[in-house]
Amino acid sequence: MKSTQVELKLPDNRKPSVLDRQTIWAAIKPGDYVEDESDKEYITKTTLTLRLEFKQLLKIDNLHDLTSLTRLFLDNNFIEKISGLDFLVNLVWLDLSFNKIRHIEGMDALKKLQVLALYQNEIRNIENLDHLKELNVLRVGNNRLHSKEDILYLRRLPNLRTLSIKGNPICRSEDWKSFAVALLPSLTYLEIHPVSQSDREESAAKYQVQCFKIIRLNS
C-alpha cells in the first residue's frame with residue numbers, strides 16, 4: 001500500500017499565526033483571574049502541560065519561560081522546523097504530528113523525553129535522536145522514510161519499546177514488520193500490536209544472517 005501525504009492548507013479565512021506570549025498565555029488558561037504579573041509569571045513557570053494544536057503556527061517560539069513543562073502538544077499546525085525547545089529540559093512528551101517538518105533536529109536538550117510523535121510530516125530520514133536515551137515511544141508513520149537504514153538507526157535508542165512507522169515507503173515490502181522485529185529486539189509494540197515471543201523467534205530465524213551483516217557493516 002502506498003503512503004499518502006495530506007497537503008495541509010490554511011483555510012481561506014485564517015492567516016498564519018505567530019507563537020507569541022499572548023497565544024501561550026491563552027492556552028495556559030488559569031482557573032482564576034490573575035491580576036498580578038508575578039502570579040502570571042509563577043503560573044507560566046510551573047505549567048506542566050501546554051496544548052497548542054490547530055493554531056496555524058509556522059514556528060516554535062517564546063517557550064523559554066516554561067521550564068517545568070513536561071507535555072507539549074504542537075500537532076496540526078504548519079511548523080516546518082523543530083527549534084526553540086532548548087529550555088524545555090523537563091519535557092517527557094512532545095507531539096509534532098500533522099505539520100510540515102522535513103528534518104528531525106533541535107531536540108538535543110530534551111534528555112528526559114519519553115514520547116515523540118512526528119506522524120504525518122515530510123521526514124525522509126530518522127536522525128539526530130542519539131541523545132534521547134529515555135525515548136520509549138516513537139511515532140513516525142505517514143512520512144517519507146524509504147530506507148532500512150532508518151530502522152537500523154533506532155538500535156541507538158536502548159529504551160525504545162513502541163514504534164509506529166506504517167505509511168512510509170519503507171513499509172511497502174511485505175516483510176518490513178518481521179525485519180523491524182528482528183533488528184529491534186527491545187520492541188514490545190509495533191504499531192498497535194504487541195510483539196510476542198513467537199514473533200521474535202520467527203523474525204530472528206528469518207533475518208538473523210541479514211541483520212548480522214547490516215549491523216557489522218554499520219558498527
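For residues 129-139, the pairs satisfying salt bridge (charged side-chain N to carboxylate O under 4.0 Å, His left out) are Asp130-Arg156, with sequence neighbours left out. For residues 57-74, every residue pair satisfying the salt bridge (charged side-chain N to carboxylate O under 4.0 Å, His left out) rule, not counting sequence neighbours, is listed here: Arg21-Asp65.
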Next item on the list: In sequence, state the C-alpha distance, the side-chain angles, and the governing distance for Ile28 and Leu66, and then conclude on side-chain contact (heavy atoms from CB on, under 4.5 Å).
Entry: CA-CA 11 Å; Ile28 293 174; Leu66 291 132; 4.3 Å; yes
Note to self: Evaluate Val195 against Arg200 for side-chain contact (heavy atoms from CB on, under 4.5 Å), listing each step before the verdict.
What the structure shows: CA-CA 7 Å; Val195 179; Arg200 298 183 196 282; 3.9 Å; yes
Next item on the list: Evaluate the side-chain contact (heavy atoms from CB on, under 4.5 Å) criterion for residues Tyr119 and Asp75: first the C-alpha distance (whole Å), next the side-chain angles of each, then the deciding distance (0.1 Å), finally the verdict.
Entry: CA-CA 9 Å; Tyr119 184 85; Asp75 51 288; over 6 Å; no
Notebook entry, point to check: Given the rule in the side-chain contact (heavy atoms from CB on, under 4.5 Å) test, do Glu80 and Glu122 qualify, once you have shown the distances and angles that lead to the verdict?
Noted result: CA-CA 9 Å; Glu80 297 182 349; Glu122 300 175 11; over 6 Å; no
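In terms of heavy atoms, Lys166 sits closest to Cys171 at CA-SG, 3.9 Å. Annotation for Pro194 and Asp199: closest pair O-OD2, 3.9 Å, computed over non-hydrogen atoms. Residues Lys100 and Asn121 approach most closely at N-OD1, 3.3 Å, considering heavy atoms. Residue Phe87 comes nearest to His64 through the heavy atom pair CD1-CB, 3.5 Å, listed as atom of the first residue, atom of the second, then distance. Scanning all heavy atoms of the two residues, the minimum distance from Ile165 to Ile151 falls at CD1-CG1, 4.3 Å. Here the shortest heavy-atom pairing between Ile101 and His103 reads CG2-O, 3.3 Å.
The aromatic rings of Trp93 and Phe73 sit tilted, their planes meeting at an angle between 30° and 60°.
Hydrophobic clustering places Leu160 together with Trp176 (ILVMFWY residues linked when any side-chain heavy atoms are closer than 4.5 Å, directly or through intermediates). Hydrophobic clustering of Ile, Leu, Val, Met, Phe, Trp and Tyr side chains at less than 4.5 Å, counting indirect connections, keeps Leu69 apart from Val137. Leu94 and Ile24 fall within the same hydrophobic cluster, where Ile, Leu, Val, Met, Phe, Trp and Tyr residues are linked whenever their side-chain heavy atoms come under 4.5 Å apart, directly or through other members. A continuous path of ILVMFWY side-chain contacts below 4.5 Å connects Leu154 to Leu187, so both sit in one hydrophobic cluster. Cluster annotation: Leu50 and Leu96 are assigned to the same hydrophobic cluster (Ile/Leu/Val/Met/Phe/Trp/Tyr, side-chain heavy-atom contacts under 4.5 Å, transitive).
Side-chain atoms of Asn62 come within 3.5 Å of backbone N or O of Leu19 as a donor-acceptor pair. Without hydrogens or angle criteria, Ser97 side chain to Gln120 main chain gives no donor-acceptor distance under 3.5 Å. Between the side chain of Asp108 and the main chain of His131, no donor-acceptor pair closer than 3.5 Å is present. Under a 3.5 Å cut-off, the side chain of Ser17 and the backbone N or O of Lys55 do form a donor-acceptor pair.
A side-chain contact (heavy atoms from CB on, under 4.5 Å) with Met107 holds for exactly one of Leu129, Asn128, Leu88, Asp86; it is Leu129.
Between Arg155 and Pro185 there is a side-chain heavy-atom pair separated by less than 4.5 Å. Between Val18 and Thr23 there is no side-chain heavy-atom pair separated by less than 4.5 Å. For the pair Lys111 and Val89, the minimum side-chain heavy-atom distance is 4.5 Å or more. Using a 4.5 Å heavy-atom cutoff, the side chains of Leu116 and Leu110 are not in contact. Contact annotation: the side chain of Asn136 never approaches that of Val115 to less than 4.5 Å [non-hydrogen atoms, C-beta and beyond].
The CG atom of Leu74 lies 7.5 Å from the CG atom of Leu85; values are rounded to the nearest 0.5 Å. Here Ser38 contributes atom OG and Ile43 contributes atom CD1; the two are 9.5 Å apart, rounded to the nearest 0.5 Å. Distance check: Asn77 CG to Gln56 CD gives 7.0 Å after rounding to the nearest 0.5 Å. Here the straight-line distance linking atom CZ of Arg161 with atom CG of Leu184 works out to 11.0 Å at 0.5 Å rounding. Expressed to the nearest 0.5 Å, how far CD1 of Ile123 lies from CG of Asn99 amounts to 9.5 Å. Atom OG1 of Thr162 sits about 10.0 Å away from atom CG of Leu135, to the nearest 0.5 Å.
Under the rule for a side chain to side chain donor-acceptor pair (under 3.5 Å), Asp150 has no partner lying at least two apart in sequence or in another chain.
Counting heavy-atom neighbours within 6.0 Å of Arg102 CZ, excluding the residue itself, gives a total of 12 or less. Around atom CZ of Arg124, no more than 12 heavy atoms belonging to other residues, nucleotides or ligands sit under 6.0 Å away.
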